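Values in this document were obtained by computation on a predicted structure and should not be read as measured data. What you see below is based on every heavy atom in this structure, not just the backbone, and it leaves out hydrogens, waters and symmetry mates.
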Amino acid sequence: MNKKLSDKKYDVVVVGGGIVGLASAYAAVKKGLSVAVVERHSQNKDASVRNFGFVTVSGQRRGEHWQRAMHSRNVWAEVAPKAGIQVEHSGLHMLMQRPEAMDVAEAFLKTEMGEDCKLLTQSEIDDVAPYLKKGQGVFYSPHELRVESHSAIGKLAHWLKEAQGVDFYNQTSVTSIELPNVYTSRGVLSAEHCVVCPGTDYSSLYPDLLATTKARMCTLNMMRVKPKQAFTLNAAVMSDLSFARYDGFAQLPEADALKNLLDDIQSEERQAGVHLIVVQSEDGSLIIGDSHDYSDRELPFRDTRIDDLILNEFYQVMDIGDVDITQHWLGVYPSADDVVFKASPEAGVVVGSVTGGTGASTGFAFGEELIEMVLESK
Ligand SMILES: Cc1cc2nc3c(=O)[nH]c(=O)nc-3n(C[C@H](O)[C@H](O)[C@H](O)COP(=O)(O)OP(=O)(O)OC[C@H]3O[C@@H](n4cnc5c(N)ncnc54)[C@H](O)[C@@H]3O)c2cc1C
């Protein structure tokens, strides 16, 4: 379709209205550029709204990726109040259920990533996390934020449109790019630069380039539960399985003993990629998850045995009585050995994908990188 969708010529057209696309749009408007976002659906309905809204710093892969998370966390803190996004709670409590997890936490605290983190005293635990079961102790990180992603993404898009002058073309698919033309299902846009943030769509634009990531589509089980007794969660909660899973902890040599132990005593959880994240919403309900099926199948069928493993871990960690499950859903993200992928297939075009399931935590920093890269590519 060659009719014009707009008479404007944009400095940057962003393909994809997930967190990575919105973060790229924000990075571009901060540079004074004119920006449009093209989104296939009426608004994102994929990973960016299906996640925990858990902006995680401690546990991200050491080095550049941890720094991306720390920077993105600061951008979330700055943007959230302006965009009317509530931060539901801050920080992270990790219940160390076994001595081997304590060894990992102590090793982590000695690294540069451990700055401002600490092990809580028993009286601090009684004070701030009385709802955790007794374990070896509790590791505390102050950096994390939690936003309600299913509404935050819409609010962020609305704020970018109303306050930052970004144009949105929703229910519009980008079908090909030959700059200055960006061809869409509803007409042609004109752009100096184009940033493609396709989420899990590795087949529509630059499929051969995206295939070089060797990413597999990873499917996760998630639930919302309502505690029978009301309580306030003061920080996100994780457990030993997370120390063994999150690169920032799990890649420390001290984590080997914990991983070996859990492979033995929680083999089903380890095989299903189950670990525990608990976050709370404004109405008191909790989002809990998750699991990781790397089979690349993206099947819509939810295996309830996986939910049972997640719930079992939840009850091992949380001392809040019974909960009712009120929602189940699946989410998908691309997963590869490298935690992000960015490449410029041609002058003026950049393709970017978070391939480590951490886009809520690292998207704002990654968006800045994509904009720098696309401006340098031409
Ligand atoms: C269940 C689950 C839990 C998670 N938990 C966390 C967490 O707690 N913390 C964290 O940091 N990360 C988490 N993640 C990962 C995080 O959600 C993702 O890394 C992030 O949302 C990816 O954002 P994105 O913008 O790349 O992709 P997406 O959210 O998939 O968005 C891509 C968008 O691009 C659009 N699009 C694609 N191609 C086109 C085209 N040709 N034309 C127009 N539009 C197009 C799609 O419609 C879609 O809206 C989780 C992921 C899942 C699935």
Side-chain angles (χ1 to χ4, degrees), residues 1-44 46-48 68 153 156-157 160-161 164-213 215 333-334 340-355 359 362-378:
M1 188 181 291
N2 286 327
K3 75 164 185 169
K4 279 189 182 175
L5 186 52
S6 165
D7 287 329
K8 285 191 195 172
K9 176 158 187 184
Y10 293 99
D11 293 321
V12 182
V13 165
V14 176
V15 184
I19 185 60
V20 176
L22 297 182
S24 301
Y26 181 49
V29 287
K30 275 200 294 189
K31 286 187 174 291
L33 303 173
S34 60
V35 184
V37 173
V38 186
E39 164 54 45
R40 173 176 290 139
H41 301 292
S42 55
Q43 69 166 55
N44 176 271
D46 299 313
S48 298
R68 276 191 190 109
I153 293 299
L156 184 57
L160 286 171
K161 182 176 175 203
Q164 304 294 319
V166 175
D167 287 343
F168 278 79
Y169 297 92
N170 291 343
Q171 294 189 295
T172 307
S173 292
V174 173
T175 50
S176 65
I177 300 163
E178 287 169 42
L179 290 181
N181 293 331
V182 177
Y183 294 94
T184 84
S185 52
R186 292 177 51 232
V188 185
L189 289 171
S190 183
E192 193 70 29
H193 304 91
C194 190
V195 175
V196 180
C197 308
T200 55
D201 183 349
Y202 272 35
S203 58
S204 297
L205 299 170
Y206 305 104
D208 295 337
L209 178 69
L210 284 161
T212 64
T213 63
Y333 64 70
V340 296
F341 172 79
K342 54 183 175 178
S344 175
E346 53 202 283
V349 180
V350 158
V351 179
S353 181
V354 175
T355 46
T362 59
F364 278 116
F366 190 51
E368 289 176 14
E369 291 171 35
L370 297 180
I371 292 302
E372 290 299 335
M373 192 174 185
V374 83
L375 295 179
E376 281 167 17
S377 76
K378 199 173 179 186

Flag side-chain contact, heavy atom, 4.5 Å: [X] against [Y]:
X: Tyr206; Y: Pro198; answer: no
X: Tyr169; Y: Leu5; answer: yes
X: Val351; Y: Lys342; answer: no
X: Leu156; Y: Ile19; answer: yes
X: Gln171; Y: His41; answer: no

**Report entry** Non-neighbouring partners of Glu368 that pass side chain to side chain contact (heavy atoms under 4.5 Å, CB included), sequence neighbours left out
**Finding:**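 Here the qualifying residues are Ala27, Lys30, His71, Val75.
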
Report task. Identify, with sequence neighbours excluded, every residue that meets side chain to side chain contact (heavy atoms under 4.5 Å, CB included) alongside Glu372. Result ->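 Glu372 satisfies side chain to side chain contact (heavy atoms under 4.5 Å, CB included) with Lys31, Glu376 only.
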
Query raised in the report: Is a donor on one side and an acceptor on the other found under 3.5 Å between the side chain of Asn44 and the backbone of Asp46?
Result: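 The answer is yes, because a donor-acceptor pair under 3.5 Å joins these two groups.
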
Query raised in the report: For Ser353 and Phe366, which heavy atoms make the closest approach, and how far apart are they?
Result: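 Shortest heavy-atom contact: N-CE2, 3.6 Å.
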
Query - Heavy-atom closest pair, residues Val37 and Ala25 - result: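 That would be CG2-CB, 3.7 Å.
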
Query - Sequence neighbours excluded, every pair satisfying salt bridge (Lys or Arg N to Asp or Glu O under 4.0 Å) that has a member inside residues 201-213 - result: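 Non-adjacent pairs meeting salt bridge (Lys or Arg N to Asp or Glu O under 4.0 Å): Arg40-Asp201.
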
Requested in this report: Sort and list the pairs that fulfil salt bridge (Lys or Arg N to Asp or Glu O under 4.0 Å) and have at least one residue in residues 167-176, not counting sequence neighbours.
Outcome: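 Listed by first then second residue: Lys8-Asp167.
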
Query - Those residues that, when tested against Asp11, pass salt bridge (Lys or Arg N to Asp or Glu O under 4.0 Å) (two or more places apart) - result: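 In terms of salt bridge (Lys or Arg N to Asp or Glu O under 4.0 Å), with neighbours along the sequence ignored, Asp11 is linked to no residue.
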
Query - Residues forming a salt bridge (Lys or Arg N to Asp or Glu O under 4.0 Å) with Lys9, sequence neighbours excluded - result: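 With sequence neighbours excluded, Lys9 shows a salt bridge (Lys or Arg N to Asp or Glu O under 4.0 Å) to Glu192, given in chain and number order.
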
